[in-house]
Amino acid sequence: MTLRWKNRLFYLSGALLYAGPLLAGLAGQGVAAGLVLTAVFTLWQVLLHPERWPKTAADWARPAPLAAAALTVAVQALVVALVLGLGRGLAALGLGLPGLPLAMPIILALVGVALARLAWNPQERVEMEAFLDEAIAQIEGMAAAAPDATPSGPAPQQSQSDWLLAGFANDLHEAGAGSAECDNLVRQLVKLDEPEHEVLGVLLEWRSFHVLCEAALLRYVGHPFTVGLRLDPEQVVDWVEAALRVPETQTDAAAMAHGWLGKAESCGGFGLATPRLLALLQTVLETAPDADLAPSLQNLRTALEPAS
């Protein structure tokens with residue numbers, strides 16, 4: 001399942017979860033419904049964040065984990081009470097659903113929990129955290145070593161583009177950022193006063209962190225405003241070839257190649273690398289690509305053929 005579909009599934013699961021207490025309120029349900037839905041909301045927290053909960057009887061006996069668990073349950077109860085109260089308020093205005101059985105909102109909320117678990121794998125989150133911690137440790141290690149290399153110079157400052165990429169990586173880790181956030185990142189990078197080749201260098205450092213970081217690199221290179229980039233066409237074709245191997249970046253690869261070709265006068269186009277790119281496109285087209293991708297690849301091949 002792609003990241004985009006995981007995000008959509010996660011948003012859908014949240015909507016179903018909160019629809020439970022809202023519908024219960026519209027149906028005029030009270031404390032009993034609130035208690036059951038609080039248990040469902042707490043189950044949501046347990047499945048999505050198992051690391052926050054005690055794992056052994058000894059852990060449960062310690063005050064700190066017990067207090068944290070109790071606080072989580074209390075917060076979920078408050079959220080359920082607010083949404084349930086909203087539903088009852090709407091019911092008082094004549095928008096109620098008096099015939100709705102209690103089982104319906106509970107089932108909807110449970111379906112939301114099941115979809116959330118399908119879209120969000122806690123183990124992947126733990127692995128990403130470990131990767132991010134390792135990356136941060138490496139950056140801190142380089143920063144600590146920098147004064148020894150240049151003892152008389154000023155301490156190196158992190159560039160704006162590096163800050164933006166670090167923030168984007170954090171969003172990917174915490175909230176599951178998607179394609180729209182990637183577009184927003186590229187727009188911000190294009191507006192920076194930094195030299196374009198320096199921004200590109202930062203993107204290259206972060207590209208392996210996540211598939212959307214790779215997508216950000218492709219979208220930046222193909223952006224119509226990055227006309228100052230001077231790149232080896234063979235290198236650009238290497239990026240296109242690598243991105244076409246990954247389903248999540250195939251569309252970005254085609255778009256980047258179109259964008260780069262559109263900047264031919266200022267960036268040199270693909271030059272002597274054109275035959276190689278044409279051969280690559282032919283190979284991909286012969287493998288029956290996605291129906292939305294094939295026309296884009298065909299149009300790119302058509303645009304490249306006069307230059308071959």
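Please read all numbers here as calculations on a predicted model, not as lab measurements. Numbering starts at 1 and runs along the sequence shown.
Among all heavy-atom pairs drawn from Gly87 and Leu26, the shortest one is O-CD2, 3.5 Å. For the residue pair Ala109 and Gly20, the shortest heavy atom distance occurs at CB-CA, 4.4 Å. Contact record, Gly30 with Leu84: O-CD2, 3.7 Å, taken as the closest heavy-atom pair. Shortest non-hydrogen contact noted between Pro21 and Val83 is CG-CG1, 3.7 Å. Across Ala215 and Asp252, no two heavy atoms sit closer than the pair CB-OD2, 3.4 Å. Residues Gln250 and Leu244 share a closest heavy-atom pair of NE2-O, 2.9 Å.
Of the inter-residue distances, the one linking Ile107 atom CD1 with Leu102 atom CG reads 9.5 Å to the nearest 0.5 angstrom. Separation of atoms CG (Leu97) and CD (Gln29) is listed at 11.0 Å; rounding is to 0.5 Å. To the nearest 0.5 Å, atom CG of residue Leu203 and atom SG of residue Cys213 are 8.5 Å apart. Atom OG in Ser13 sits 12.5 Å away from atom CG in Leu108 (nearest 0.5 Å). Rounding to the nearest 0.5 Å places SG of Cys182 at 13.5 Å from OH of Tyr220. Note that CG of Leu37 and OH of Tyr18 are 12.0 Å apart. Values are rounded to the nearest 0.5 Å.
In the hydrophobic clustering of this structure, Val73 does not group with Leu35; members are Ile, Leu, Val, Met, Phe, Trp, Tyr whose side-chain heavy atoms approach within less than 4.5 Å, directly or through other members. Residues Leu100 and Leu95 are members of one and the same hydrophobic cluster, defined by side-chain heavy-atom contacts under 4.5 angstrom among Ile, Leu, Val, Met, Phe, Trp and Tyr. Both Leu165 and Leu204 sit in one connected hydrophobic cluster of ILVMFWY residues. Membership requires side-chain heavy atoms under 4.5 Å apart, directly or through other members. Both Val36 and Leu47 sit in one connected hydrophobic cluster of ILVMFWY residues. Membership requires side-chain heavy atoms under 4.5 Å apart, directly or through other members. Note: the hydrophobic cluster containing Leu82 does not contain Leu17 (ILVMFWY, side chain heavy atoms under 4.5 Å, direct or indirect links).
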(Q) Pair Trp206, Asp162 - check side chain to side chain contact (heavy atoms under 4.5 Å, CB included), show working. (A) CA-CA 9 Å; Trp206 283 92; Asp162 213 359; 2.8 Å; yes

Q) Between Glu198 and Ser159, does a side chain to side chain contact (heavy atoms under 4.5 Å, CB included) hold up when you go through it step by step? A) CA-CA 9 Å; Glu198 293 184 6; Ser159 66; 5.9 Å; no

Q: Take Thr72 and Gln45 through the test side-chain hydrogen bond (donor to acceptor under 3.5 Å, both in side chains) and record every step on the way to the result.
A: CA-CA 8 Å; Thr72 300; Gln45 293 294 325; over 6 Å; no

Q: Show the numbers, then the answer: is there a side chain to side chain contact (heavy atoms under 4.5 Å, CB included) between Glu248 and Glu214?
A: CA-CA 10 Å; Glu248 291 86 353; Glu214 175 78 11; over 6 Å; no

Q: Verify side chain to side chain contact (heavy atoms under 4.5 Å, CB included) between Arg207 and Trp239, making sure each step is shown before the conclusion.
A: CA-CA 11 Å; Arg207 65 182 298 199; Trp239 293 338; 3.5 Å; yes

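Ring centers of Phe41 and Trp44: at least 6.0 Å apart, outside the cut-off.
Residues Arg276 and Glu234 form a side-chain contact, since some pair of their non-hydrogen atoms from C-beta on lies under 4.5 Å apart.
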Side chains of residues 183-192: which donor-acceptor partners sit under 3.5 Å, not counting sequence neighbours?
unit_1: Asp183; atom_1: OD1; unit_2: Arg219; atom_2: NH1; d: 2.6

